[in-house]
K.L.:
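Structure incoming, see below.
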Amino acid sequence: MVCGGFTCSKNALCSLNVVYMLVGLLLIAVAAWGKGFGLVSSIHIIGGVIAVGVFLLLIAIVGLIGAIHHHQVMLFFYMVILFIVFLFQFGVSCSCLAMNQGQQVALLNSTWGLLENNTKTDLESQLNCCGLLNVSNSRPQFEADLENCRAPCKKQGNCPTCGDKMLNHATEALKILGGVGLFFSFSEILGVWLAVRYRNQKDPRANPSAFL
């Protein structure tokens with residue numbers, strides 16, 4: 001069969017979903033590794049990463065089974081859900097690439113406020129810093145974080161703020177995240193296109209008089 005035919009579309013869709021399955025398993029493994037080594041103690045962060053991995057794994061399994069059996073219903077739900085994921089990921093990736101310094105500070109403040117105390121102390125110990133930003137509008141929170149801080153630099157009496165350290169690399173990190181997100185979002189739109197194309201093709205081994 002020439003590329004673009006039924007067999008080529010089937011193999012391409014199967015290969016793409018195998019990649020999605022590997023990415024999903026990698027996310028689950030990284031979350032479990034981080035929890036096992038004590039790198040992240042927040043159950044919400046661990047649960048969120050595992051949930052994303054499981055969701056991607058399930059979607060990939062649906063797409064793989066639908067591709068193998070040329071199942072019309074499974075392929076339909078697969079391409080609809082994948083298209084919704086593409087829209088969400090594309091929007092988030094563009095937001096990461098377009099975020100300025102003020103928006104980065106606002107995002108750090110909102111994210112820091114959602115973290116558990118154990119997660120904050122773990123992060124402070126890893127980055128060797130204390131508190132987020134020593135500014136007037138968040139001084140009570142900064143003093144509370146400074147009191148609970150267990151970073152090695154606290155013994156020396158000269159600790160930088162974690163917010164300053166994060167902001168020094170935030171622009172580069174957001175560009176990387178946005179670029180990776182855009183790359184995977186285009187792979188998702190490729191998956192939608194392959195699913196639509198493959199779903200509308202007729203299996204040459206099937207009964208010629210049967211409907212698609």
Side-chain angles (χ1 to χ4, degrees), residues 19-58 60 85 88-185:
V19 173
Y20 288 157
M21 290 176 66
L22 293 176
V23 173
L25 290 172
L26 180 63
L27 287 174
I28 297 172
V30 168
W33 177 79
K35 179 64 176 177
F37 279 84
L39 298 179
V40 181
S41 60
S42 173
I43 191 64
H44 300 295
I45 295 177
I46 296 294
V49 175
I50 291 178
V52 171
V54 170
F55 176 77
L56 185 59
L57 186 62
L58 291 176
V85 172
F88 177 77
Q89 187 170 332
F90 183 80
V92 172
S93 300
C94 290
S95 299
C96 288
L97 293 173
M99 191 171 293
N100 57 36
Q101 184 82 4
Q103 292 170 330
Q104 292 173 19
V105 172
L107 179 62
L108 280 177
N109 281 323
S110 60
T111 305
W112 188 266
L114 296 175
L115 296 179
E116 299 175 352
N117 289 332
N118 290 337
T119 305
K120 291 179 182 179
T121 54
D122 290 346
L123 188 61
E124 289 168 339
S125 298
Q126 292 171 31
L127 296 179
N128 197 22
C129 57
C130 287
L132 183 62
L133 292 170
N134 189 9
V135 292
S136 58
N137 59 353
S138 60
R139 186 62 57 82
Q141 179 65 53
F142 176 80
E143 292 177 352
D145 293 334
L146 186 61
E147 184 178 351
N148 297 327
C149 182
R150 298 196 300 264
C153 64
K154 189 176 181 180
K155 299 178 181 178
Q156 304 170 0
N158 184 22
C159 273
T161 62
C162 296
D164 291 333
K165 280 198 167 186
M166 292 177 184
L167 288 173
N168 287 337
H169 305 284
T171 302
E172 182 180 355
L174 286 171
K175 287 181 179 179
I176 294 174
L177 288 174
V180 172
L182 277 180
F183 174 79
F184 277 104
S185 66

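In what follows, residues are counted from 1 in the order of the sequence shown.
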K.L.:
Residues in side chain to side chain contact (heavy atoms under 4.5 Å, CB included) with Phe88, at least two apart?
P.N.:
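Phe88: side chain to side chain contact (heavy atoms under 4.5 Å, CB included) contacts with Val92.
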K.L.:
Output the distance between atom CG (Leu22) and atom CG (Leu57), rounded to the nearest 0.5 Å.
P.N.:
9.5 Å
K.L.:
Considering residues at least two apart in sequence or located in another chain, which fulfil the ring-ring contact (aromatic ring centres under 6.0 Å, His included) criterion with Phe90?
P.N.:
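Scan of Phe90 (ring-ring contact (aromatic ring centres under 6.0 Å, His included), adjacent residues dropped) gives Phe86.
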K.L.:
Drop me the distance from Asn148's CG to Glu143's CD, to the nearest 0.5 angstrom.
P.N.:
12.0 Å
K.L.:
Among Val54, Val52, Leu56, find the one that has a side-chain contact (heavy atoms from CB on, under 4.5 Å) with Ile28.
P.N.:
Val54
K.L.:
Looking only at non-hydrogen atoms, find the nearest pair between Cys129 and Pro160 and report the distance.
P.N.:
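Scanning both residues, the minimum pair turns out to be CB-O, 3.2 Å.
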K.L.:
Any non-hydrogen side-chain atom of Leu182 less than 4.5 Å from a side-chain atom of Ser185?
P.N.:
yes
K.L.:
At their closest point, which heavy atom of Val85 faces which heavy atom of Phe55, and how far apart are they?
P.N.:
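Closest approach of Val85 to Phe55, heavy atoms only: CG2-CE2, 3.8 Å.
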K.L.:
Over all heavy atoms of both residues, which pair between Arg150 and Asp122 is shortest? Give the atoms and the distance, please.
P.N.:
NH2-OD1, 4.4 Å
K.L.:
Can any side-chain N or O of Glu147 pair as donor or acceptor with the backbone N or O of Ala144 at less than 3.5 Å?
P.N.:
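Not confirmed, Glu147 side chain does not pair with Ala144 backbone.
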K.L.:
Counting distance only, does the side-chain N/O of Gln89 pair as donor-acceptor with the main-chain N or O of Gly181 below 3.5 Å?
P.N.:
yes
K.L.:
Using a strict SG to SG cutoff of under 2.5 Å, would you count Cys162 and Cys130 as disulfide-linked?
P.N.:
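Not so, these two cysteines form no disulfide.
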K.L.:
Rounded to the nearest 0.5 Å, what separates atom OG1 in Thr161 from atom CD in Glu124?
P.N.:
10.5 Å
K.L.:
Who pairs with Cys153 by disulfide bond (SG atoms under 2.5 Å apart), at least two apart in sequence or on another chain?
P.N.:
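Checked Cys153 against disulfide bond (SG atoms under 2.5 Å apart); matches are Cys159.
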